[in-house]
> 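So that we are looking at the same thing, I have put the structure below in structure tokens.
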Amino acid sequence: MENLIIEKLQKSDLKEAIGIYDDNHNLKTNYERLFREYDKIYSNPDYLNIVVKIEGKIVGMASVVVNHDIVEELRPFLTVWNLGVHKDYRRKKIGKAMLDYIYAYAKELDCAFIALMLKGISYSSKVL
């Protein structure tokens with residue numbers, strides 16, 4: 001999709017980005033607490049929260065956590081949470097673009113696999 005930008009979530013993006021997840025799941029995030037916790041969460045290098053923007057509007061988001069394995073070759077793996085696309089932008093391959101971005105990040109970190117956690121569903125795939 002043209003004009004699609006994927007970047008790290010900024011504090012100024014929080015309400016708009018989290019609103020996508022809340023709307024998709026009929027939830028209400030505690031924004032007051034989120035803003036208090038933001039610096040602790042987002043300064044941790046093992047957390048990557050991304051947003052997808054089209055013409056400055058946030059249309060997708062995902063939370064990625066780097067997990068450090070303690071068995072075999074001790075390769076890290078990624079867990080993807082809160083993946084969501086704004087309802088007006090679905091079926092435009094935005095989710096695929098986010099997963100491609102996350103896959104490239106996993107390869108960069110030499111991850112063994114990626115685990116995708118969606119509400120009620122989990123899936124994992126090896127990173128080659």
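Scope of the values below: all heavy atoms of this structure, side chains included, with no hydrogens, waters or symmetry mates. Computed from a predicted model, the values in this text were never measured in an experiment. The residues of the chain are indexed from 1 along the displayed sequence.
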> What about Met61 and Phe35, same hydrophobic cluster or not, with Ile/Leu/Val/Met/Phe/Trp/Tyr joined at side-chain heavy-atom distances under 4.5 Å?
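Yes, because Met61 and Phe35 connect within a single hydrophobic cluster, where side-chain heavy atoms sit under 4.5 Å apart.
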> So, Tyr38 side chain and Lys11 main chain: donor-acceptor pair closer than 3.5 Å or not?
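It does hold such a pair.
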> Please determine which of His86, Arg90, Lys87 meets the side-chain hydrogen bond (donor to acceptor under 3.5 Å, both in side chains) test together with Asn24.
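Among His86, Arg90, Lys87, the one meeting side-chain hydrogen bond (donor to acceptor under 3.5 Å, both in side chains) with Asn24 is Arg90.
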> So Ile50 and Ile102, side-chain contact (heavy atoms from CB on, under 4.5 Å) or not? Walk me through it.
CA-CA 9 Å; Ile50 61 171; Ile102 292 165; 4.0 Å; yes
> Given the ring of Tyr31, does Lys15 sit roughly above its face, with NZ or CZ under 6.0 Å from the centre of the six-membered ring and within 45° of the axis?
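Flagged: Lys15 positioned over aromatic ring of Tyr31.
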> Does Asp110 offer a backbone N or O that forms a donor-acceptor pair with the side chain of Arg75 under 3.5 Å?
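It does hold such a pair.
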> List the atom of Tyr105, the atom of Pro45, and the distance in Å for their closest heavy-atom pair.
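In terms of heavy atoms, the two residues are closest at OH-O, 4.3 Å.
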> If you compare all heavy atoms of Asp69 against all heavy atoms of Leu74, which two are closest, and at what distance to 0.1 Å?
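Taking every non-hydrogen atom into account, O-CD2, 3.5 Å.
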> Treating Ile, Leu, Val, Met, Phe, Trp and Tyr as nodes and any side-chain heavy-atom pair under 4.5 angstrom as an edge, say whether Tyr47 and Tyr42 lie in one connected cluster.
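Hydrophobic grouping puts Tyr47 with Tyr42.
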> Would you find a donor on one side and an acceptor on the other, under 3.5 Å apart, between the side chain of Asn82 and the backbone of Ser63?
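No: the side chain of Asn82 does not pair with the backbone of Ser63.
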> Grab the two heavy atoms, one from Ile58 and one from Ala17, that are nearest each other, plus how far apart they are.
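Nearest pair, atom of Ile58 first, then Ala17: CG2-CA, 4.0 Å.
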> Answer whether the closest heavy-atom distance between the side chains of Val64 and Thr79 falls below 4.5 Å.
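No, too far: nothing below the 4.5 Å cut-off.
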> Test your reading of the model: is there a side-chain donor-acceptor pair from Asn67 to the backbone of Val65, 3.5 Å cut-off?
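The answer is yes, because a donor-acceptor pair under 3.5 Å joins these two groups.
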> Of all the heavy-atom pairs spanning Lys8 and Asp13, show the shortest one and how long it is.
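Shortest heavy-atom separation between Lys8 and Asp13 comes out as O-OD2, 4.3 Å.
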> Which atom pair, heavy atoms only, marks the closest approach of Ile94 to Val59?
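Nearest pair, atom of Ile94 first, then Val59: CD1-CG2, 3.8 Å.
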> Please give me the minimum heavy-atom distance between Ile20 and Gly60, naming the atom from each residue.
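In this case the closest contact between Ile20 and Gly60 is CD1-N, 3.7 Å.
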> Tell me, do Glu7 and Val51 make a side-chain contact under 4.5 Å, heavy atoms counted?
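The answer is yes, as the side chains (C-beta and beyond) meet within the 4.5 Å cut-off.
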